[in-house]
Amino acid sequence: MTGSNFFNTKIEFLKGVGPMRAELLQKELSIFTYGDLIQHYPFRYLDRTQFYKVAELDESMPYVQVRGRIRGKEVIGEGRKQRLAATLVDENGDQLELVWFKGVKWMEKSLKNHTDYIVFGKPTEFNGRFSMAHPELEELAEEKQTTSFLQPVYNTTEKLKAHRIDSKVIAKMMEHLLKVALPQVQESLSPELIETYKLMDKRSAYANIHFPESADKYNKAKFRLKFEELFYIQLRLFRQKVVRKADLKGQVFNQVPTLNEFYKNHMTFDLTGAQKRVVKEIYGDLTAGKQMNRLLQGDVGSGKTIVAFITMLIAADNGAQSVLMAPTEILADQHYVGLRAFADRLGINLGKLTGSTKAKDRKVLHEQLRSGEMKMIVGTHALLEDVVQFQNLGLCIVDEQHRFGVEQRSKLWRKNPRIIPHVLVMTATPIPRTLAMTLYGDLDVSVIDEMPAGRKEIVTVHRFDSHRLRVFQFVRDQIKLGRQVYIVYPLIEESEQMENYKDLMDGYESIKRAFPEYQVSMVHGKLKSQDKDYEMQRFVKNETQIMVATTVIEVGVNVPNASVMIIESAERFGLSQLHQLRGRVGRGAEQSYCILMTGYKLSKDSKTRLETMVRTNNGFEIADIDLKLRGPGDLMGTQQSGVLDLLIADLAKDAPILQEARAAAQRVLHQDPQLEQPEHANIRRHIQSLSANTVNWSRIS
Ligand code: ADP
Ligand code: MG
């Protein structure tokens, strides 16, 4: 076996693994093959030169390494409350308490008294004493004849540890693997790229990422592997784009009589500069004879609806039908209402199709769509059903696309068998440039980065729970002025850790008690959709003044009269999520407010999030900070994207490498679109091995 075949060898055949451990590695870490294991990179390294003294510790430190001797250990408490406490004394004689709540018995047995250890963990302070919960441990005496400058620390899980597969055991497996695997490693980048970007060769990179021989080699290995990872993602995205540009014809929409009439007689406001620019970009696509595939980003309230309508109008002017698909019924309703406001002025037949559309109404809709009598339709997944057929579907607009899977979307495209419809994806989640480049490298991107004139900035404040009475008084004053109020709680969770948080039900009861004179609605994810709609509608109609909700109201809901957004336990929300929630207010003419409620105890990150919210309303700035705080995997709208399961690159930090990898991918494809030239043989072979190996391929597709 050579090359990529070798890396498909099942992990159980590796020395020191076997069937039992193989099963655990598969279940816990998705490591199936040699190739998977070699790409299980250390998440950090033990640096033998960096130790802290207990006296130097500080709660703001993320993770630290301390060296000392165990002086006493003790199991405290009974049953589930049981914990193991041990005392580590450093060379100055200062004490650090180590605590375990899980695996107490096993730790008690294996932790050796009067023995020197290196411990690694997050220090926390209580009454002037520092402790560390579940630290990683390394017995000093065990320190071996390692040639490695840095010692790898591998990700494991509780379950793996319980079966004695800890980081050290994985390191041992890795040693065995590298011995047999390194000679099989084939270069996957072209000589030209290696030369241009001064890249370490792949074999050395694998060796040094696991067992660095020096700081310099470690850095080169890391750069090389990150570059490669990002290069192949970009290459793939560019190839898709090239394929589409070359092959996919689109209907030409160059007639705009109704649009002109709309502009002349029915517009009640001027488009912002950003809206005009975006409409121009879209019109350019629609007249080019190629299929449009465009992402439209715009902060909440930036005016995407009118842009969507104008695009649909252009389609209609050219005899084509268009759909706007939303992820939820509530959102579909809102879009319907928003588009109706424009369509009605022109007497355009606009339909709505959702799960709750009655059978007899459906029949009419189906017929009108098939005959072409209905030009525009808004809806949910219901639009995807096979019975929904069009005379000539020319445009698909998808809102908040991250909620739809790729297959779902392609179902829509296939509803025009003659020629693939134009596609406009709209999102209110501002995505930082680095992320957009990676996630949507295959889409063209338009951004509405300007708010309609006269919009009042939302005033955002942070208040502690102890100020609740004053906050409630403020709410009362606002309602007296005729406004409505949202109060948002974190999700309902029954799990124990959550019990410290006021959940929605408690909140609802206490709000009803605090405001007996007003009507209160409640919406959450566990409600049936018709109950949710009923409650929502009561609020929309101003029959209720207060809406108590979970984050289900986060996307798209539009009640212009609601001017106050209170977010409870705001420290539990991510930054982008807070910003989305805040976007529910500030939609009318009145001054709007967002009040972030928290307790006094806040982590540093929570403080940063709250301060950012108070300081700025700019969604892109917020998205950037969020990316830095959390890393891209957690960002809203990106959870479903396999692209972000990066093995080593980090989009929050590696923007410069991404730029280079992107430029490199572009250049390679420009020179050699089919990758046929001999100097690209390595690249071609690597792509083939990726597509042969489904496990790997799924990671980046
Ligand atoms: P979103 O981008 O969040 O979907 P909407 O399209 O719902 O934003 O627009 C928010 C509000 O701003 C709507 O009431 C809309 O009519 C209004 N609006 C949109 N564009 C403009 C504009 N150029 N000038 C004034 N108001 C506008
Ligand atoms: Mg909208």
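Both counts, for ligands and for their atoms, begin at 1 and track the order of listing.
Atoms CE and CG, from M613 and L581 in turn, are 8.0 Å apart once rounded to the nearest 0.5 Å.
Counting atoms of ligand 1 from 1 in the listed order, those under 4.0 Å from a heavy atom of L271 are 23 (N). Here is the list of ligand 1 atoms found below 4.0 Å of a heavy atom in T272: 23 (N). Listed by number with element, the atoms of ligand 1 under 4.0 Å from a non-hydrogen atom of S302 are 2 (O), 8 (O). Which parts of ligand 1 touch D299 is read off a 4.0 Å heavy-atom cut-off, strictly below it: atoms 2 (O). Of all the atoms in ligand 1, the ones that sit under 4.0 Å from a non-hydrogen atom of D270 are 22 (C), 23 (N), 24 (N).
The minimum heavy-atom distance between F253 and Y283, with the atom names listed, is O-CE1, 3.7 Å.
Classification of the Y486-F539 ring pair by plane angle, with boundaries at 30° and 60°, yields tilted. In this structure, H467 and F464 have tilted ring planes: the angle between them lies in the 30° to 60° band.
Environment of CG in D361: crowded, with over 12 heavy atoms of neighbouring residues, nucleotides or ligands closer than 6.0 Å.
Residue G301 places a heavy atom under 4.0 Å from ligand 1.
In this structure, of G583, P560, P452, the residue bringing a heavy atom nearest to atom 25 (C) of ligand 1 is P452.
One finds a salt bridge joining E590 and R483 here, because a Lys/Arg side-chain nitrogen approaches an Asp/Glu carboxylate oxygen to under 4.0 Å.
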